[in-house]
S.K.: 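So that we are looking at the same thing, I have put the structure below in structure tokens.
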Amino acid sequence: MKKLVVKVDLHDDRDRSKAMRVVSGFGGIGSLSMDSKDNKLTVSGDFDPVKVVNKLRKSWHTEIVSVGAAEEDDGKKDEGKKDDQVANLVKAYEAYYPTPVTYYCVPPGETPNCVIC
């Protein structure tokens, strides 16, 4: 079982329900919850976190907060090892799928005082 927490820039209830519908369409999703105040989406189950984040990034700006194994009831955690695994996974994901760059084009008629040499 895996647990994925992502921060998604959602503006209204329509976006929230659409994001929940998109993620729930993946196979192996055990539970899905949304914190509306912080715009954090928590997904747990047997799924591929990379595919889920890629699907969300197609429509919204998405940041990975944490990825790891779902917490068990035993309470035996190795925090240092878990943090290293999450950091390595986030680095590998960001290296493989860089954040898209947005370019803005200003028509030349709107800035007559600007001169580019």
Side-chain angles (χ1 to χ4, degrees):
M1 295 258 311
K2 296 177 188 140
K3 181 177 179 182
L4 170 70
V5 179
V6 292
K7 184 174 182 182
V8 184
D9 288 339
L10 302 172
H11 303 291
D12 55 4
D13 290 334
R14 183 176 174 196
D15 281 346
R16 286 183 185 91
S17 65
K18 187 174 178 182
M20 297 275 278
R21 193 173 342 133
V22 165
V23 174
S24 66
F26 284 96
I29 301 293
S31 68
L32 184 63
S33 64
M34 171 71 86
D35 182 12
S36 297
K37 188 173 96 175
D38 295 333
N39 285 336
K40 289 186 180 179
L41 180 67
T42 305
V43 184
S44 63
D46 293 323
F47 62 95
D48 187 9
V50 174
K51 289 182 180 179
V52 172
V53 173
N54 281 338
K55 190 71 170 180
L56 288 171
R57 280 194 174 170
K58 287 183 179 180
S59 299
W60 303 282
H61 177 73
T62 306
E63 296 177 20
I64 299 172
V65 176
S66 68
V67 178
E71 298 175 2
E72 298 295 327
D73 293 334
D74 297 340
K76 297 179 182 178
K77 296 186 217 174
D78 189 12
E79 291 295 329
K81 186 176 180 183
K82 185 176 179 181
D83 291 339
D84 291 339
Q85 289 176 346
V86 170
N88 289 338
L89 189 60
V90 169
K91 284 181 186 177
Y93 179 83
E94 289 175 351
Y96 194 72
Y97 296 103
T99 305
V101 178
T102 305
Y103 295 98
Y104 297 99
C105 180
V106 179
E110 293 183 15
T111 56
N113 296 333
C114 182
V115 178
I116 299 175
C117 298

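The shown structure was predicted, so the numbers you read here are calculated from the model rather than taken from an experiment. When reading the values below, keep in mind they use all heavy atoms of this one structure, side chains included, and skip hydrogens, waters and symmetry mates.
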S.K.: Give the minimum heavy-atom separation between Trp60 and Val8, together with the two atoms involved.
M.R.: CB-CG1, 3.6 Å
S.K.: Go through the structure and list residues passing side-chain contact (heavy atoms from CB on, under 4.5 Å) with Val90, not counting sequence neighbours.
M.R.: Ile64, Val86, Glu94
S.K.: Please name all residues satisfying side-chain contact (heavy atoms from CB on, under 4.5 Å) with Arg14, sequence neighbours left out, ordered by chain then number.
M.R.: Asp12
S.K.: Partners of Thr62 by side-chain hydrogen bond (donor to acceptor under 3.5 Å, both in side chains), sequence neighbours excluded?
M.R.: none
S.K.: Not counting sequence neighbours, list each pair that qualifies as a side chain to side chain donor-acceptor pair (under 3.5 Å) and has a residue in residues 17-28.
M.R.: none
S.K.: Would you say Met20 and Leu41 make side-chain contact, with heavy atoms under 4.5 Å?
M.R.: yes
S.K.: Should Lys58 and Val22 be marked as a side-chain contact (heavy atoms from CB on, under 4.5 Å) after you check the CA-CA gap, both sets of side-chain angles, and the distance that decides it?
M.R.: CA-CA 11 Å; Lys58 287 183 179 180; Val22 165; over 6 Å; no
S.K.: Decide yes or no on side-chain contact (heavy atoms from CB on, under 4.5 Å) for Phe47 and Leu4, but give the supporting numbers first.
M.R.: CA-CA 10 Å; Phe47 62 95; Leu4 170 70; 3.8 Å; yes
S.K.: With sequence neighbours left out, which residue pairs that include part of residues 29-50 fulfil the salt bridge (charged side-chain N to carboxylate O under 4.0 Å, His left out) condition?
M.R.: none
S.K.: Residues in ring-ring contact (aromatic ring centres under 6.0 Å, His included) with Tyr93, at least two apart?
M.R.: Tyr97
S.K.: With sequence neighbours left out, what residues match Ser31 under side-chain hydrogen bond (donor to acceptor under 3.5 Å, both in side chains)?
M.R.: Ser44
S.K.: What residues form a salt bridge (charged side-chain N to carboxylate O under 4.0 Å, His left out) with Asp13, not counting sequence neighbours?
M.R.: Arg16
S.K.: Is any side-chain heavy atom of Val67 less than 4.5 Å from a side-chain heavy atom of Lys2?
M.R.: no
S.K.: Residues sharing Val5's hydrophobic cluster, by side-chain heavy-atom contacts under 4.5 Å among ILVMFWY, directly or via others?
M.R.: Val65
